[in-house]
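Note that ligands are numbered from 1 as they come in the structure, with each ligand's atoms numbered from 1 the same way. It should be emphasised that the depicted structure is a prediction, and the values quoted were computed from it without experimental measurement.
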Amino acid sequence: MRIDVVTIFPAFFDVLEVSLLGKARGAGILDVRVHDLRDATHDRHRTVDDTPYGGGAGMVMKPEPWGEVIDAIAGPATEPQDAATDDAPLFIFPSPAGERFTQATARELATEQHLVFGCGRYEGIDERVFAYASTRGRVRLISLGDYVLNGGEVAAMAMIEAIGRLVPGVVGNPESLVEESHEDGLLEYPSYTKPASWRGYDVPDVLLSGHHGKVAQWRHDQQVQRTRERRPDLLAD
Ligand code: 6GU
């Protein structure tokens, strides 16, 4: 999978060099390219923002640098019908005003060939940039949840990690992806390792019993109990 990231803070994405995703990049499974939006400016101050038409607080990201970067990443304009196909890039603009990102979103996006993350700062990006991007590919505004971050960078990182780990070959043992929180609509069951007794805390007897059926039943019960306590909204769904 190819992932392009457009940002005024490329250093936010240095962490993509470590851990599982770093390994996947080294192995050629993930082709991640980070672009500094300011490289597409042409004034001495490398300006990427300006005051909003109509007034109001804060600054808006100017469309021109975005246009240049979109051209550089996606190539020349295609026929409108081609921009809407699965072969065209999928532009993701992290935004608290977007649709909600879930594990289902991550699974869906993990099947894409080419994702482009456009990270906005300030009060947002000039709205015409989304229309322009849609001449080169599909466009989605996606939110991590109902709270506000200073910009799209941290949100993009979270999405890249959630999506990237679902790309075949990134996580060594695919079975470890199955029994996780949210994969079956329930929170994950509790895990323990050796020693069986530690500082007065004991591992539940059933896990030491060697009885696979009872272990599976106990784990499922724990999942339901935890979900009821911590995330009753998930059971309602
Ligand atoms: Cl995707 N962006 C920003 N700026 N804030 C957020 C968010 C995204 N998701 C939750 N809060």
- [ ] Please check if any side-chain donor atom of Y192 sits under 3.5 Å from a side-chain acceptor atom of D202, or the reverse.
- [x] no
Open item on the list: For F91 and F93, take the angle between the two ring planes, folded into 0 to 90°, and tell me which bin it lands in: parallel under 30, tilted 30 to 60, perpendicular over 60.
Closed with: parallel
Open item on the list: Could you tell me, atom by atom, which parts of ligand 1 come under 4.0 Å of a heavy atom of S143?
Closed with: 1 (Cl), 9 (N), 10 (C)
Open item on the list: List ligand 1 atoms under 4.0 Å from A155, heavy atoms only on the residue side.
Closed with: 1 (Cl), 8 (C)
Open item on the list: Applying a heavy-atom cut-off of 4.0 Å, say which part of A156 lies close to ligand 1: side chain, backbone, both or neither.
Closed with: neither
Open item on the list: Are more than 12 heavy atoms, taken from residues, nucleotides or ligands other than Y147, located less than 6.0 Å from that residue's OH atom?
Closed with: yes
Task: Criterion side chain to side chain contact (heavy atoms under 4.5 Å, CB included) against D39, the qualifying member of D36, T41, L37 - done: D36
Task: NZ/NE/NH1/NH2 to OD/OE distance under 4.0 Å, R121 and E153 - done: yes
TODO: Using a strict 4.0 Å cut-off to heavy atoms of Y147, name the atoms of ligand 1 that fall inside it.
DONE: 6 (C), 10 (C), 11 (N)
Open item on the list: To check your reading of the model: name the closest protein heavy atom to atom 9 (N) of ligand 1, its residue, and the distance in Å.
Closed with: L144 N, 2.9 Å
Open item on the list: Considering non-hydrogen atoms of the protein only, which is the closest contact for atom 4 (N) of ligand 1, and what is the distance?
Closed with: L149 O, 3.3 Å
Task: Heavy-atom nearest neighbour in the protein, as seen from atom 2 (N) of ligand 1, with distance rounded to 0.1 Å - done: P96 CD, 3.5 Å
Open item on the list: Restricting to non-hydrogen atoms, name the atom on A83 and the atom on A88 that form the minimum distance, rounded to 0.1 Å.
Closed with: O-CB, 3.5 Å
- [ ] Could you list which atoms of ligand 1 come closer than 4.0 Å to a heavy atom of I142?
- [x] 1 (Cl)
Open item on the list: Let me confirm one number: the CE-CD1 distance from M1 to I160, rounded to the nearest 0.5 Å.
Closed with: 10.0 Å
Task: Short N or O distance, M159 and ligand 1, threshold 3.5 Å exclusive - done: no
